[in-house]
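Small disclaimer: the values here were computed from a predicted structure and weren't measured. Scope of the values below: all heavy atoms of this structure, side chains included, with no hydrogens, waters or symmetry mates. Labels below follow one simple rule: chain letters A, B, ... track the order of the sequence lines, proteins then strands, and each chain is numbered from 1.
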Number of protein chains: 2
Amino acid sequence: MSGEALEMIAARFKALSEPTRLKLIIALEAGEKNVTELMELVGTTQTNTSRHLQNLTDSGILARRKEGLNVFYFIADKSIFELCDHVCGSLERRFQSQQNAFRGE
Amino acid sequence: MSGEALEMIAARFKALSEPTRLKLIIALEAGEKNVTELMELVGTTQTNTSRHLQNLTDSGILARRKEGLNVFYFIADKSIFELCDHVCGSLERRFQSQQNAFRGE
DNA sequence: TTTGTTTATGATCATATGGTCAATAAAAAA
DNA sequence: TTTTTTATTGACCATATGATCATAAACAAA
């Protein structure tokens with residue numbers, strides 16, 4: 001595994017390492033939405049929403065489509081959901097084994 | 001999906017968002033190693049290696065075992081490799097489609 | 001044209017992060 | 001005991017990151 005490849009993999013993980021960005025991704029699972037809709041769904045400012053959307057777009061996770069005044073964002077890499085599901089499963093197993101350890105093996 | 005759950009998922013991704021930490025994980029795929037071995041494999045200082053190992057251990061990705069002067073680290077959550085493979089596949093597909101676009105659809 | 005609406009960007013700030021050096025454990029060997 | 005080896009921790013620094021405010025850009029409507 002080359003250093004450059006590692007950097008790209010790390011960058012992909014970094015894009016997903018922020019709760020607001022995860023919220024945006026989840027909000028877009030059902031289909032494309034414009035910035036105002038997304039801003040209301042994730043509960044932050046317009047500027048902040050725009051910044052996070054840019055981050056995710058640069059990372060290749062989202063893509064954008066302009067229509068009049070609106071910019072619609074949508075999922076460009078749908079495999080992202082499998083990734084999130086994978087992490088969820090891993091965390092669930094971790095908590096389960098912690099609970100088992102606490103109850104006495 | 002609760003805010004707390006999102007924070008935990010984000011934290012897991014953040015632990016994986018650093019090339020040196022990915023190197024450490026890959027170095028441990030074959031089996032446990034002590035800090036000095038890992039330090040030489042990833043090519044950084046002992047202090048820095050120790051810090052990253054602590055990060056990964058706190059995240060539940062690695063675990064540690066002490067034996068005399070040595071501390072051996074090993075993979076605690078083996079599902080991490082599927083996660084990395086998943087990202088690799090996603091990036092490969094992305095570059096492939098970029099190449100196709102450049103050559104003219 | 002002017003006005004209003006939606007989105008993006010520049011400047012700035014506080015905090016987080018990764019890295020380093022020095023010092024400190026902790027355990028084995030002399 | 002003292003010395004050596006291995007690993008961790010505290011203090012510090014430079015940079016990165018997320019958030020915010022004000023402004024600008026892009027476009028539609030009046």
Considering only heavy atoms from C-beta outward, does the side chain of A:Tyr73 approach that of A:Leu56 to under 4.5 Å?
no

Taking CG from B:Leu24 and P from C:dG19, how many angstroms apart are they, rounded to a whole number?
10 Å

Say whether, by atom type as modelled, one donor and one acceptor occur between the side chain of A:Ser90 and the main chain of A:His86 under 3.5 angstrom.
no

How many Å lie between CD on B:Glu67 and C1' on C:dA27, as a whole number?
12 Å

Over how many whole Å does the gap from A:His52 atom NE2 to C:dT7 atom C1' extend?
16 Å

Strictly by modelled atom types, are A:Arg12 and A:Ser59 linked by a side-chain donor-acceptor pair under 3.5 Å?
no

Interatomic distance where NZ belongs to B:Lys23 and P belongs to C:dG18 [whole Å]
15 Å

Distance, rounded to the nearest Å, where B:Glu7 contributes CD and C:dA16 contributes C1'
14 Å

Can a side-chain donor-acceptor contact be found between B:Asp77 and B:Ser79 if the only test is distance below 3.5 angstrom?
yes

Hey, is the main chain of B:Thr36 close enough, under 3.5 Å, to the side chain of B:Asn34 for a donor-acceptor pair?
yes

Between A:Thr44 and A:Lys66, who's closer to the 5' end of DNA chain D by nearest nucleotide?
A:Thr44

Testing the basics here: between A:Glu18 and A:Thr20, what is the closest heavy-atom pair and its distance to 0.1 Å?
OE1-N, 3.0 Å

Where along residues 9-20 of chain B does a heavy atom fall under 4.0 Å from DNA chain C?
B:Lys14, B:Glu18

Return the CG to NE2 distance between B:Leu62 and B:His52, rounded to the nearest 0.5 Å.
12.0 Å

Within the 4.5 Å heavy-atom criterion, are B:Phe13 and A:Val87 side-chain neighbours or not?
yes

Would you call A:Arg94-A:Glu92 a salt bridge at under 4.0 Å N-O?
no

Measure from CZ on B:Arg21 to P on C:dT17 and round the result to the nearest Å.
9 Å

Could you encode protein contacts along nucleotides 6-15 of chain D as a string, one character per nucleotide from 5' to 3', using B for base contact, S for sugar-phosphate-only contact and - for no contact, with a heavy-atom cut-off of under 4.0 Å?
SBBBBB----

For D:dG18 and A:Asn48 - does any side-chain N or O of the residue sit under 4.0 Å from the phosphate oxygens OP1/OP2?
no

Gap between atoms CG and P, on A:Asp58 and D:dT17 respectively (whole Å):
12 Å

